[in-house]
Amino acid sequence: MAKAAQFAKMNGLGNEIIVADMRGRTDHVTPDAAIALNADATTRFDQIMAIHDPRTPGTANYVEILNSDGSMAQACGNGMRCVVQALASETGKQSFTFETIAGILTAEEHADGSISVDMGRPRFDWRDIPLAEEFRDTRMIELQIGPIDAPILHSPSVASMGNPHAIFWVDNDVWSYDLERFGPMLENHPIFPERANITIAQVTGPDSLVMRTWERGAGLTRACGSAACAAAVSAARTGRTGRIVNVNVPGGLLRIEWRGDDHVMMTGPAEWEFSGTFDPASGAWTRDTESAA
């Protein structure tokens, strides 16, 4: 067994997160370890946020993100809030600059405990999302589930927040759609060469929407921060809302602001659950005595 690493089990609005401290190490959390941790009901998660030493001057840390199926993820807004809360508690700092596979991002913990993450600029070009074929206008693409003359879901907006998203707009309650059945099919649709996060969203006002997400590599989730950002910017882009939107996800409320400089700011909470140590190679873990229930 390799030298154990510290971890914290946390959540961002019910988006289950493991924050793994990989600083001072050269190894990485393996896909096998991720799959093993997710198979245990106590450590089941949506994303692992593995904090590594910085690779780029001016950044605090490099953060590697793994999905529950062991695949790599480019972005996880709820997970970044958990990282900020963990590091703020440890260091006393409130502002951070991180690097991920998707690029550089900044984040800040506020006096009320809420955390804002700069999720960067959305991308709408079909090649950047990416899509398998050209669509000049990605505010709405040709994709549907169900009969041609009466589709159940159709014409999603698509965007990248460092990872690919498809947002299906509906007029009915988002809970009335069988996302658990449609999600896997749409995630793996040939139009998405890198798969996609699939969201069903209902606009409930000029500055509010309700949504549910099937998360690429993780499945149904109570919150997906990058999906909330993608839905908010797509709602504004299609004239459904303004550029500041309260997004209600199953786990709670996120505030999304698409600023004039094109950056998307996401603000919401993070919650610590317990801590422990684990083997980054196998996923074998032990809970800290002081955090045991």
Side-chain angles (χ1 to χ4, degrees), residues 1-55 59-87 89-90 96 98-102 105 162-163 183-184 187-188 194-195 197 213-226 270-293:
M1 179 173 174
K3 179 184 176 183
Q6 294 287 328
F7 78 91
K9 179 68 168 57
M10 304 182 69
N11 77 81
L13 290 180
N15 192 183
E16 298 296 339
I17 302 296
I18 289 176
V19 177
D21 187 358
M22 301 295 288
R23 291 172 293 180
R25 308 173 63 109
T26 58
D27 57 338
H28 298 264
V29 180
T30 67
D32 286 344
I35 291 168
L37 285 164
N38 189 61
D40 189 318
T42 306
T43 51
R44 187 167 295 150
F45 66 91
D46 295 304
Q47 274 78 38
I48 292 175
M49 312 296 292
I51 306 173
H52 290 267
D53 294 327
R55 298 182 179 181
T59 62
N61 300 97
Y62 183 84
V63 181
E64 207 164 60
I65 309 171
L66 287 85
N67 294 315
S68 56
D69 66 355
S71 63
M72 298 296 294
Q74 293 103 324
C76 178
N78 291 319
M80 291 309 306
R81 293 202 314 278
C82 292
V83 169
V84 169
Q85 187 186 84
L87 292 178
S89 176
E90 173 192 311
F96 299 88
F98 299 111
E99 183 181 8
T100 70
I101 194 172
L105 61 83
N163 51 358
E187 174 193 353
N188 294 284
E194 297 180 8
R195 300 185 294 165
N197 297 276
T213 297
W214 175 272
E215 195 164 1
R216 179 186 65 164
L220 285 178
T221 180
R222 289 179 56 77
C224 177
S226 61
E271 182 181 12
W272 183 91
E273 296 178 14
F274 66 88
S275 62
T277 57
F278 81 112
D279 177 4
S282 70
W285 68 280
T286 303
R287 187 170 180 151
D288 287 345
T289 303
E290 64 270 22
S291 66

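Computed from heavy atoms alone, side chains included, the values below leave out hydrogens, waters and symmetry copies.
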Mind checking whether Ile18 and Val29 have side chains closer than 4.5 Å, heavy atoms only?
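Heavy-atom side-chain distance check fails, nothing below 4.5 Å.
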
Would you check if Leu105 and Thr100 make a side-chain contact, meaning some heavy-atom pair closer than 4.5 Å?
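A side-chain contact exists here, since the closest heavy-atom pair is under 4.5 Å.
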
Ignoring hydrogens and angles, state whether a donor on the side chain of Asn67 or Gln47 is under 3.5 Å from an acceptor on the partner side chain.
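Yes, side-chain donor-acceptor contact under 3.5 Å.
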
Using a distance-only test with no angle check, is there a side-chain donor-acceptor pair under 3.5 angstrom linking Thr213 and Asn197?
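No, Asn197 and Thr213 have no side-chain donor paired with an acceptor closer than 3.5 Å.
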
Where do [X] and [Y] come nearest, in terms of heavy atoms and distance?
{"X": "Gly79", "Y": "Ile17", "result": "CA-CD1, 3.7 Å"}
{"X": "Glu187", "Y": "Trp214", "result": "OE1-NE1, 2.8 Å"}
{"X": "Ala50", "Y": "Met22", "result": "CB-CG, 4.0 Å"}
{"X": "Pro54", "Y": "Ala60", "result": "CD-O, 3.5 Å"}
{"X": "Asn78", "Y": "Gly12", "result": "CG-O, 3.7 Å"}
{"X": "Val19", "Y": "Cys82", "result": "CG2-CB, 3.9 Å"}

Going through the distances and angles, do Asp40 and Trp285 end up as a side chain to side chain contact (heavy atoms under 4.5 Å, CB included)?
CA-CA 10 Å; Asp40 189 318; Trp285 68 280; 3.1 Å; yes

Is a side-chain N or O of [X] found less than 3.5 angstrom from the main chain of [Y], in a donor-acceptor match?
{"X": "Thr43", "Y": "Leu37", "result": "yes"}
{"X": "Ser68", "Y": "Gly217", "result": "yes"}
{"X": "Arg216", "Y": "Glu194", "result": "yes"}
{"X": "Arg287", "Y": "Thr42", "result": "no"}
{"X": "Asn38", "Y": "Ala34", "result": "no"}
{"X": "Asp32", "Y": "Ser282", "result": "no"}

What orientation do His52 and His28 show, parallel under 30°, tilted 30 to 60°, or perpendicular over 60°?
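Plane angle between 30° and 60°, so tilted.
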
Taking atom [atom1] of [X] and atom [atom2] of [Y], what is their separation to the nearest 0.5 Å?
{"X": "Thr277", "Y": "Asp21", "atom1": "OG1", "atom2": "CG", "value": "12.0 Å"}
{"X": "Arg55", "Y": "Glu99", "atom1": "CZ", "atom2": "CD", "value": "7.0 Å"}
{"X": "Ile48", "Y": "Phe7", "atom1": "CD1", "atom2": "CZ", "value": "9.5 Å"}
{"X": "Ile101", "Y": "Tyr62", "atom1": "CD1", "atom2": "OH", "value": "5.0 Å"}
{"X": "Asn163", "Y": "Ser226", "atom1": "CG", "atom2": "OG", "value": "4.0 Å"}

Worked check of side chain to side chain contact (heavy atoms under 4.5 Å, CB included) between Cys76 and Met49
CA-CA 8 Å; Cys76 178; Met49 312 296 292; 4.0 Å; yes

Do Asp69 and Arg195 meet the salt-bridge criterion of a basic N to acidic O distance under 4.0 Å?
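Answer for the salt bridge query: yes.
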
Carboxylate-amine/guanidinium proximity below 4.0 Å for Arg23 and Glu90
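A salt bridge is present here (some side-chain N lies under 4.0 Å from a carboxylate O).
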
Step by step, would you call Gln6 with Asp288 a side chain to side chain contact (heavy atoms under 4.5 Å, CB included)?
CA-CA 9 Å; Gln6 294 287 328; Asp288 287 345; 4.0 Å; yes

Option among Arg81, Glu271, Glu16, Arg222 that satisfies the side chain to side chain donor-acceptor pair (under 3.5 Å) test with Asn11
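The passing option is Glu271.
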
Positive for side-chain contact (heavy atoms from CB on, under 4.5 Å) with Phe98, one of Ile51, Thr59, Val84:
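Exactly one pass, corresponding to Val84.
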
